[in-house]
Structure formats: structure tokens, C-alpha cells
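To start, the structure under review is shown below, and the notes come after it.
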Protein chains: 2
Amino acid sequence: MQQTIKATEAELEILNILWTHGPATVRDVHDRLALKKDAGYTTTLKQMQIMLEKELLSRVASGKTHVYTAAVDQQQAQGQIVQRMIDSVFNGSAMQMVMQALGNHKASDAELEMIRVYLDKKTKK
Amino acid sequence: MQQTIKATEAELEILNILWTHGPATVRDVHDRLALKKDAGYTTTLKQMQIMLEKELLSRVASGKTHVYTAAVDQQQAQGQIVQRMIDSVFNGSAMQMVMQALGNHKASDAELEMIRVYLDKKTKK
DNA sequence: TCAAATCTACGATGATTATCGTAATTGACA
DNA sequence: TGTCAATTACGATAATCATCGTAGATTTGA
């Protein structure tokens with residue numbers, strides 16, 4: 001049985017950065033975070049230290065700093081979050097959420113085509 | 001400019017019940033909630049009172065009880081929640097989330113077909 | 001009518017989150 | 001080597017959330 005990954009919104013933002021850009025220092029993460037929101041450096045630091053305790057992150061020392069890595073699988077973590085949302089907000093209907101997402105979002109034709117291809121593959125299987 | 005609707009997980013469950021079944025008393029909501037989770041009656045009551053203050057709900061008196069109604073639009077609230085998740089967890093890519101949702105979910109062929117039809121309509125427009 | 005059942009109001013509490021200030025540590029380099 | 005800048009460690013705090021107990025009000029029906 002896979003463990004349940006429970007991350008807050010703020011933690012997800014950090015995980016997201018690490019998933020996207022790979023291992024990074026607190027400084028790196030903080031700078032990227034600062035582009036979107038503003039919080040103090042120590043806030044980010046503390047956040048990441050807590051995530052280390054929760055084992056959402058791992059780290060290795062490098063000189064005087066630490067390099068952090070996401071310790072949870074991206075697919076799995078994202079999947080669980082989406083599932084929780086589907087359950088609590090969409091009565092368990094993934095489809096309902098997909099339609100909502102597609103409806104609100106201005107997806108390009110190319111994107112829509114990708115989804116279509118994906119659907120086909122899924123249907124055939 | 002539309003206001004930002006911010007509801008917690010527990011609040012969403014309540015909203016969801018009201019959206020699905022229409023106006024209801026605390027008792028009604030609580031009984032439905034009790035099917036899934038267990039919490040005391042006063043917990044649900046308090047929750048709904050707070051939601052009233054936040055103007056997520058409205059209510060009218062009916063005898064000694066109050067009948068509550070969701071005061072926020074379902075489409076709009078769901079849309080904002082999904083959008084927030086897309087932003088924080090999927091780097092702003094709705095598609096990425098859709099694929100995640102479809103991947104995790106065992107959708108029936110009929111469901112997939114519905115999505116396909118929806119996509120076509122969206123593409124043509 | 002009045003007692004029991006039901007409901008609301010309200011405050012308190014513990015847990016979790018998010019935030020940040022300060023102090024201690026470390027490494028770089030003048 | 002000694003100082004300065006950057007980093008980590010740690011603790012504190014305020015805000016938010018979820019939960020529930022108790023008291024008071026109201027309705028119902030025996």
C-alpha cells in the first residue's frame with residue numbers, strides 16, 4: 001500500500017520547483033518562489049526544513065549550504081492531490097473535473113489534440 | 001471583477017451537499033456528511049455558521065431551525081479551486097492536470113467518449 | 001402546560017500552517 | 001588569520017482550521 005502524501009499548498013509550490021528544476025538550495029528555491037509571491041528567506045528555509053522532517057524532501061550538504069531534492073514521486077503526489085479534490089469537490093467524478101478544467105482554460109488546439117490522442121490510446125487499451 | 005472564493009476542504013464538502021441536494025438544514029447536511037466521515041453535530045453546525053459569516057452560505061429561519069443555501073456559484077467556485085490547483089501543482093498547465101486525472105481514474109469508454117465530444121465542440125468553436 | 005427533545009449560540013481548545021526574528025555557524029577572501 | 005556575508009538552526013507568534021462541550025432557546029406532544 002502506498003503511503004499517503006499530504007502536502008499543503010505552500011509545500012506543493014516548493015515541490016513543484018524541485019520537480020521542475022531539479023535539486024536546489026534554499027536560496028534557489030526562494031528566489032524562484034519570490035517571483036510569484038513574497039515571503040522572507042527564513043520562511044522558505046523553515047518550510048523546507050519542515051518538509052525534510054516530513055520526508056517530503058531530502059538533502060545533502062554542499063559546502064555550507066544544503067542541496068534539497070524532492071523525495072516524493074511527482075506522479076504519485078499529484079495524483080493523490082487531484083484525487084482528493086475530485087472526491088471533495090466533484091463528488092468523485094473525475095470527468096466532471098476534467099470538463100471544468102477544460103472549460104475554464106483556453107487550451108490551444110494542439111493541446112486539445114494531445115488530449116484526444118491520449119484518450120484514444122486509453123480507449124484502445 | 002469577481003471575488004475570490006476561498007473555501008477549505010471541509011467547507012467544500014458542505015457546499016457540495018448543498019449544490020447537489022439543494023437548500024437544507026444543519027441536520028440534513030450533517031446526516032449526509034455522517035455517511036462519509038464522522039464528526040459531532042455541533043461541529044457541522046459551527047462550520048455552517050462560520051460559512052454564513054463568510055457569506056459562502058445564506059439562510060432563512062423556518063420554525064426553530066434554519067434552512068441554508070449555498071451562496072456561491074458552483075461553476076465559479078469549482079473553477080477557481082481547479083485553477084488554483086493547476087497553478088500551484090501543475091505549473092499552470094490544465095492539460096497536465098487533465099492527463100493526470102484521466103490517468104489515475106478508470107474512466108469508462110462512455111465517459112471518454114463524452115470528453116471527446118466535448119473536445120470536438122470546443123475545437124470547432 | 002410543562003417536560004423532553006431538538007436546535008442554535010458561543011466560547012474554548014488543540015492541531016496545523018505560515019511567517020519571521022535572532023542567534024549561531026560556516027565558508028570565502030582581503 | 002580575522003572579518004564579513006551568507007546560511008542554518010531554533011524558537012516564537014499569529015492566523016486558520018476542525019472539533020466539541022455547554023448553556024440557553026424553541027418546538028412538540030404527552
(request) For Lys6(B), answer base if it contacts any base atom (sugar-phosphate contacts may also be present), sugar-phosphate if it contacts only those atoms, and nothing otherwise; contact means non-hydrogen atoms under 4.0 Å. (result) nothing

(message) If I take atom CE in residue Met51(B) and atom C1' in nucleotide dT16(D), what distance separates them, rounded to the nearest angstrom?
(response) 15 Å

(request) Please state whether the phosphate of dA9(C), meaning OP1 or OP2, lies under 4.0 angstrom from any side-chain nitrogen or oxygen of Gln49(B). (result) yes

(message) Rounding to an integer number of Å, can you tell me how far Asp31(A) CG sits from dT7(D) P?
(response) 9 Å

(message) Please identify which of these residues, Gln78(B), Gln74(B), Glu9(B), meets the side chain to side chain contact (heavy atoms under 4.5 Å, CB included) condition with Val89(A).
(response) Gln78(B)

(request) Consider the side chain of Ala39(B), meaning its heavy atoms from C-beta on, and name the nucleotide among dG27(C), dT19(C), dC20(D) that approaches it most closely. (result) dC20(D)

(request) Answer with base, sugar-phosphate or nothing: what part of the nucleic acid does Thr8(B) contact at a heavy-atom distance below 4.0 Å? (result) sugar-phosphate

(request) Return the 5'-most residue of the pair Thr44(A), Leu45(B) with respect to DNA chain C, ranking by each residue's nearest nucleotide. (result) Leu45(B)

(request) Between Gly63(A) and Tyr41(A), name the one whose nearest nucleotide on DNA chain C is closer to the 5' end. (result) Tyr41(A)

(message) Once you apply a heavy-atom cut-off of 4.0 Å, does Thr43(B) come out as touching a base, just sugar-phosphate, or nothing?
(response) base

(message) Nearest whole Å is fine: how far is dT8(C) P from Leu57(B) CG?
(response) 13 Å

(request) Please answer whether the main-chain N or O of Arg84(B) pairs with a side-chain N or O of Asp87(B) as donor and acceptor at a distance below 3.5 Å. (result) no

(message) Apply side chain to side chain contact (heavy atoms under 4.5 Å, CB included) to residues Tyr41(A) and Arg27(A) and explain how you reach the verdict.
(response) CA-CA 8 Å; Tyr41(A) 173 82; Arg27(A) 171 63 52 195; 3.5 Å; yes

(message) Could you tell me how far apart Gln47(A) (CD) and dG11(D) (P) are, to the nearest whole angstrom?
(response) 18 Å

(request) Round to the nearest Å and state the distance from His66(A) atom NE2 to dT7(D) atom C1'. (result) 9 Å

(request) Using only heavy-atom distances, determine whether the side chains of Ser88(B) and Asn16(A) contain a donor-acceptor pair under 3.5 Å. (result) no

(message) Using only atom types and a distance under 3.5 Å, with no angle test, would you say the side chain of Gln83(A) pairs donor to acceptor with the backbone of Gln80(A)?
(response) no

(request) Would you please confirm or rule out a distance under 4.0 Å between OP1 or OP2 of dT7(D) and any side-chain N or O of Arg59(A)? (result) no

(request) Find the distance Lys37(A):NZ to dA18(C):C1' and express it as a whole number of Å. (result) 8 Å

(message) Using the side-chain heavy atoms of Lys64(A), tell me which of these nucleotides is nearest: dT26(C), dC7(C), dT19(D).
(response) dT26(C)

(request) Tell me which of Tyr68(A) and Lys46(A) sits closer to the 5' end of DNA chain D, going by the nucleotide each one is nearest to. (result) Tyr68(A)

(request) Please state whether the phosphate of dC7(C), meaning OP1 or OP2, lies under 4.0 angstrom from any side-chain nitrogen or oxygen of Arg27(B). (result) yes

(message) Over all strands shown, is Thr42(A) touching base, sugar-phosphate only, or nothing at heavy-atom distances under 4.0 angstrom?
(response) base

(request) Would you kindly give the CD1-to-P distance between Ile50(A) and dA12(D), to the nearest whole Å? (result) 15 Å

(message) Distance check needed: dA18(D) P versus Leu33(B) CG, whole Å only.
(response) 12 Å

